Engineer: 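Attaching a single structure in structure tokens format; questions to follow.
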Amino acid sequence: MSKKVRVRFAPSPTGGLHLGGVRTVLFNYLFAKNQGGDFIVRIEDTDQGRFVAGAEEYIFNTLKWCGLEPDESPVHGGPYAPYRQSERKENYRQYAEQLVKDGYAYYAFDTPAELEEMRNRFKTPENPSPQYNQVLREKMRNSLTLEKDEVARLLNESVPYVVRIKMPLNETISFTDMIRGEVSFNTSQVDDKVLLKADGMPTYHLAVVVDDYLMKITHAFRGEEWLPSAPVHLLVWKYLGWEKDMPQWAHLPLILKPDGNGKLSKRDGDRLGFPVFAMDWTDPKTNETTIGFKERGFLPEAFVNLLAMLGWNDGTDKEIFSLPELIEKFTIERVHKGGAKFDYEKAKWYNHEWIKLSEVSQLAVAVKQAFLDKQIAVTDEALLKKVIELVKDRCTLLADFVQQGSFFFQSPASIDTDTIKPKWDEKKNMFFTELIRAYELSTLWETADLEKEFKELAAANQLKTGELMLPFRIMLVGGKFGPGVFDIAATIGKQETIKRIAHTLQLLQSS
RNA sequence: GGCCGGUUCGUCUAUCGGCUAGGACAGCCCCCUUUCACGGGGCAAAGACGGGUUCGAUUCCCGUACCGGCUACCA
């Protein structure tokens, strides 16, 4: 019997959640649910200096929007509460002390200024960033170099200190990553990372191990940027005597910027004009808002779908997956090793596909909101549904519904008469005048009837239908866009259709 | 600089030693459509390089190059 799968997403609440973060959540979630396991969210707020108001709430709102609800978290509760590291502060010190007692870690009294001084002093062109390591630790002020009495005195006088792991010299440490296979490191290349900070808070390196252990995490997913510190974590697991309970690691590939170099950042979105955050994020300090996928008009289904395909596929040509399908099909073996450049065009394609494939009723709420955002109140639900049905094939983002369909709810703000004018003449004017009369007498008001009448009248006047359709369209919607003209006329009704024709005729007359 | 990771069309990817290297996005062309889409059809487009191993390498191994990540009392 193997243990129940438990995975965790461990964000630090420092701002909006971006693509990469949500994808990490998603892969955690998919793996857990595929295995019938639990998905835990633990807030890693060990850095008091980086606390950002509202960031935690934002994270949970985002998960909710995506449909990735945690089984355990600070807001969902759970048997391993609290799930906020700042509230678990007292847990960590004992483990740090235990490591010191067992000779795996030590106290270091160097001040930030001293550390900076050290780095400057030993910096050379060949070694631009000297590390607090097996060699340099000998030159610093710590419980390894100081006399026992001196250490005791400093501790006694409450001189600030940190606890650092004592990296062994020249040991090979390796593990099997679920995505990358065997990865190994030489400990001589790894520095003595701080485990417990001077303020008594653990660093990520200690907290991640302690909490993963305490919360019985079985599989740990995180971004590839964590790979270099994996040996530190491995060693902490080992030194604490928990090796047999260590989760299996999986380091996810990064999401890269579209135009070349580096991992995708918020700045790239601003620069290239696409969202990077899942939802709008307003920085409480600057009050600046960064656009999110949700507000840009993405459906959560599409957002989740496109994220899943960035680094994973099911081995077939299938690209459109619902969340339940993803859960069913997801396996780590099919996660890519290489980073993926984010392609906004493809992202939009996913949204377009999901809009086309969604039921009208599923779209209604979001589309109504899109209209409302543009100051168009929709009160007629039946009309809304009819409009969605008519235009959804040509909508990539939710806002496109407004562009494609506002004229169903209100008369066009302006009529593109410039397009009509060059080919306008008295015969056409006559035709539309007669059309008004004909439509006034119509007893049937369906698409096919309207088209039939229109064409018959055109034939009677010896006019080509083709030359009349565009003017008609512009009269009804204001420009060269929208679904089929007769569908529009049928939908807006007799009175409105006639009104719009007459209005344009008047415009053409007076200019 | 050091360490670690990665490398198939412009982009996301399939291929688990047999390939005429498949699909999707974007691009281009045609059909459908008297708007724009949708839909259908087509074109163009890739294994970083050099060595091995093998009857046979995109696939396995080793180098090189390139790209990326890390190198904080941040996560």
Side-chain angles (χ1 to χ4, degrees), chain A residues 10-14 44-47 49-50 108 110-112 115-116 119 123-133 160-164 177 179-180 183-186 188-191 193-199 201-205 207-208 222-231 251 253-254 256 258-263 306 309-320 333-334 336-350 352-353 356 391-396 400 403-404 419 464-470 472-474 477 479-485:
Chain A
S12 72
T14 52
E44 308 233 333
D45 54 350
T46 53
D47 187 359
R50 295 214 307 166
D110 318 280
T111 63
L115 289 173
E116 199 190 324
R119 289 195 181 100
K123 187 158 71 178
T124 62
E126 294 74 38
N127 182 13
S129 36
Q131 301 199 306
Y132 202 117
N133 61 11
Y161 66 89
V162 300
V163 174
R164 284 180 183 272
D177 185 276
I179 293 170
R180 283 148 221 285
V183 182
S184 54
F185 302 82
N186 185 304
S188 298
Q189 302 296 336
V190 185
D191 60 337
K193 292 277 184 234
V194 170
L195 298 179
L196 195 73
K197 297 187 261 190
D199 64 2
M201 279 292 217
T203 60
Y204 173 85
H205 305 298
V208 73
R222 59 188 1 179
E224 189 186 341
E225 71 267 30
W226 288 106
L227 209 41
S229 52
H251 290 89
L254 267 17
L256 280 7
D259 54 348
N261 317 313
K263 59 177 173 177
L306 74 93
M309 302 313 285
L310 239 34
W312 176 87
N313 69 82
D314 77 340
T316 72
D317 288 340
K318 188 173 162 70
E319 293 191 274
I320 301 299
E333 290 72 41
R334 296 210 62 90
H336 255 254
K337 294 193 221 309
K341 285 184 184 174
F342 179 68
D343 181 357
Y344 186 53
E345 292 306 316
K346 184 92 187 217
K348 285 193 291 191
W349 176 78
Y350 279 105
H352 192 18
E353 290 301 305
K356 283 190 289 177
V391 307
K392 70 181 185 133
D393 279 2
R394 60 200 79 202
C395 296
T396 297
D400 295 340
Q403 209 183 67
Q404 292 288 328
T419 301
K464 285 184 194 149
T465 339
E467 289 174 25
L468 300 165
M469 298 269 282
L470 188 62
F472 189 32
R473 163 177 300 282
I474 292 171
V477 312
K480 293 160 66 170
F481 53 88
V485 248

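Just so we're clear, the structure is a prediction, and the values are computed from it rather than from any experiment. Reminder, nothing fancy here: chain letters follow the sequence lines and each chain counts from 1.
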Engineer: Taking atom C1' in both B:A26 and B:C32, compute the distance separating them and give it to the nearest angstrom.
Structural biologist: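 Each nucleotide's C1' atom is 22 Å from the other's.
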Engineer: Say we look at B:U11 and B:A45: how far apart would their C1' atoms be, to the nearest angstrom?
Structural biologist: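 So the two C1' atoms sit 12 Å from each other.
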Engineer: Grab the CG-P distance between A:Asn313 and B:A14 for me, whole Å please.
Structural biologist: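 So the two atoms are 5 Å apart, to the nearest Å.
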Engineer: Judged by atom type as modelled, is there a donor-acceptor pair below 3.5 Å linking the side chain of A:Arg334 to the main-chain atoms of A:Asn313?
Structural biologist: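 Yes, the answer is positive, given that a donor and an acceptor are paired below the 3.5 Å cut-off.
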Engineer: To the nearest Å, how far apart are A:Arg394 CZ and B:C36 C1'?
Structural biologist: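 These atoms are roughly 6 Å apart.
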Engineer: For B:C60, which nucleotide in any strand shown is its Watson-Crick or wobble partner with both distances under 3.5 Å?
Structural biologist: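 By the stated definition (distances under 3.5 Å), B:G52 pairs with B:C60.
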Engineer: Can you tell me how far P in B:U64 sits from the matching atom in B:C43, rounded to whole Å?
Structural biologist: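 Between the two P atoms, the distance is 42 Å.
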Engineer: For RNA chain B, whose closest nucleotide is more 5', that of A:Gly479 or that of A:Gly311?
Structural biologist: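 Checking each residue's closest nucleotide, the 5'-ward one belongs to A:Gly311.
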Engineer: For A:Lys356 and B:A37, is the shortest distance between a side-chain N/O and OP1 or OP2 below 4.0 Å?
Structural biologist: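 So the side-chain polar atoms of A:Lys356 never come under 4.0 Å of the phosphate oxygens OP1 or OP2 of B:A37.
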Engineer: Partner of B:C43 by Watson-Crick or G-U wobble geometry, both contacts under 3.5 Å, or none?
Structural biologist: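 B:G27 is the nucleotide pairing with B:C43.
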Engineer: Starting from C1' on B:A14, measure out to NZ on A:Lys337 and report it in whole angstrom.
Structural biologist: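 A:Lys337 atom NZ is separated from B:A14 atom C1' by 15 Å.
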Engineer: Regarding A:His336, tell me which of base, sugar-phosphate or nothing describes its non-hydrogen contacts under 4.0 Å with the strands shown.
Structural biologist: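 Result for A:His336 = sugar-phosphate.
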Engineer: Once you round it to whole Å, what is the distance between P of B:U13 and NZ of A:Lys318?
Structural biologist: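 Interatomic distance, NZ of A:Lys318 to P of B:U13: 18 Å.
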Engineer: With a 4.0 Å cut-off on heavy atoms, is A:Val190 in touch with a base, just the backbone sugar-phosphate, or nothing at all?
Structural biologist: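 Here A:Val190 touches no strand at all.
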Engineer: For A:Lys392 and B:G39, give me the distance from atom NZ to atom P, rounded to whole Å.
Structural biologist: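 It works out to 12 Å between those atoms.
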Engineer: How would you label the contact of A:Thr14 with the nucleic acid (heavy atoms, under 4.0 Å): base, sugar-phosphate, or nothing?
Structural biologist: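 Nothing, no nucleic acid heavy atom in range.
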Engineer: Could you encode protein contacts along nucleotides 60-75 of chain B as a string, one character per nucleotide from 5' to 3', using B for base contact, S for sugar-phosphate-only contact and - for no contact, with a heavy-atom cut-off of under 4.0 Å?
Structural biologist: -------SSBSB-BBB
Engineer: Could you check how far CD1 of A:Ile474 sits from P of B:U34, rounded to whole Å?
Structural biologist: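 In whole Å, B:U34 P lies 16 Å from A:Ile474 CD1.
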Engineer: Looking only at atom C1', what distance separates B:G51 and B:A65, rounded to whole Å?
Structural biologist: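 The answer is 14 Å between these two C1' atoms.
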Engineer: Quick check against the 3.5 Å criterion: does A:Arg473 have a side-chain atom that pairs as donor or acceptor with the backbone of A:Phe481?
Structural biologist: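 Yes; judged by distance alone, with no hydrogens or angles, the pair exists.
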Engineer: Any strand is fair game: report the nucleotide pairing with B:G1 by Watson-Crick or G-U wobble, both distances under 3.5 Å, or none.
Structural biologist: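 Across all strands, the one nucleotide that pairs with B:G1 is B:U71.
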Engineer: Pick the C1' atom in B:G22 and in B:C16, then give their distance to the nearest Å.
Structural biologist: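 B:G22 and B:C16 have their C1' atoms separated by 16 Å.
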Engineer: Describe, in one word, how the ring planes of A:Tyr204 and A:Trp226 are oriented to each other, choosing from parallel (under 30°), tilted (30 to 60°) and perpendicular (over 60°).
Structural biologist: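 Geometry flag for A:Trp226 against A:Tyr204: parallel rings.
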Engineer: B:A14, B:C25, B:C12: which one has an atom nearest the side-chain heavy atoms of A:Trp349?
Structural biologist: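 Given the options B:A14, B:C25, B:C12, the side chain of A:Trp349 is closest to B:C25.
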Engineer: Could you check which nucleotide pairs with B:A65 in any of the strands shown, counting Watson-Crick or G-U wobble with both distances under 3.5 Å?
Structural biologist: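 Paired with B:U7.
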Engineer: Rounded to whole angstrom, note down the C1' distance from B:U53 over to B:C60.
Structural biologist: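 Looking at atom C1' only, B:U53 and B:C60 are 8 Å apart.
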Engineer: Got a donor-acceptor pair under 3.5 Å from the side chain of A:Lys346 to the base of B:A24?
Structural biologist: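 Counting by modelled atom types and ignoring angles, a donor-acceptor contact under 3.5 Å is found here.
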Engineer: Assign A:Arg334 to base, sugar-phosphate, or nothing according to its heavy-atom contacts below 4.0 angstrom with the strands shown.
Structural biologist: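 It contacts sugar-phosphate atoms only.
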Engineer: Hey, which sits more toward the 5' end of RNA chain B by its nearest nucleotide, A:Thr316 or A:Arg473?
Structural biologist: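 Closest to the 5' end, via its nearest nucleotide, is A:Thr316.
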Engineer: Looking at A:Val194, is its backbone amide N or carbonyl O close enough to the side chain of A:Thr203 to form a donor-acceptor pair, meaning the two atoms are under 3.5 Å apart?
Structural biologist: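 Pair found, side chain donor or acceptor close to backbone of A:Val194.
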Engineer: Checking all strands, does A:Phe481 fall into the base, sugar-phosphate, or nothing category for heavy-atom contacts under 4.0 angstrom?
Structural biologist: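 The answer is base, as A:Phe481 lies within the cut-off (heavy atoms under 4.0 Å) of a base atom.
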Engineer: Let me know the distance between CG of A:Asn127 and P of B:C3, rounded to the nearest Å.
Structural biologist: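 A:Asn127 atom CG is separated from B:C3 atom P by 11 Å.
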Engineer: Please confirm whether the backbone N or O of A:Thr14 pairs with a side-chain atom of A:Ser12, one donor and one acceptor, at under 3.5 Å?
Structural biologist: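 No, the answer is negative, given that no donor and acceptor are paired below the 3.5 Å cut-off.
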Engineer: Are more than 12 heavy atoms, taken from residues, nucleotides or ligands other than A:Lys356, located less than 6.0 Å from that residue's NZ atom?
Structural biologist: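 Result for NZ/A:Lys356: enclosed.
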Engineer: Are the side chain of A:Asp191 and the backbone of A:Lys193 linked by a donor-acceptor contact shorter than 3.5 Å?
Structural biologist: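 Not at all, since once roles are kept as given, no pair shorter than 3.5 Å links the two residues.
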Engineer: Determine the Euclidean distance between corresponding P atoms of B:A57 and B:C49; express it in Å to zero decimal places.
Structural biologist: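 Straight-line distance between the two P atoms is 15 Å.
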Engineer: Tell me if a side-chain donor or acceptor on A:Asp177 pairs with a main-chain N or O of A:His251 at a distance below 3.5 Å.
Structural biologist: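 Checked: pair present.
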Engineer: Has A:Lys392 got a side-chain atom pairing as donor or acceptor with A:Arg394's backbone, closer than 3.5 angstrom?
Structural biologist: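 Looks like no, no N/O pair under 3.5 Å.
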Engineer: Measuring only the C1' atom in each nucleotide, how far is B:U8 from B:U15? A whole number of Å is fine.
Structural biologist: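 Rounded to whole Å, the distance is 9 Å.
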Engineer: Specify the separation, in whole Å, of atom CG of A:Leu306 and atom P of B:U11.
Structural biologist: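 In whole Å, B:U11 P lies 18 Å from A:Leu306 CG.
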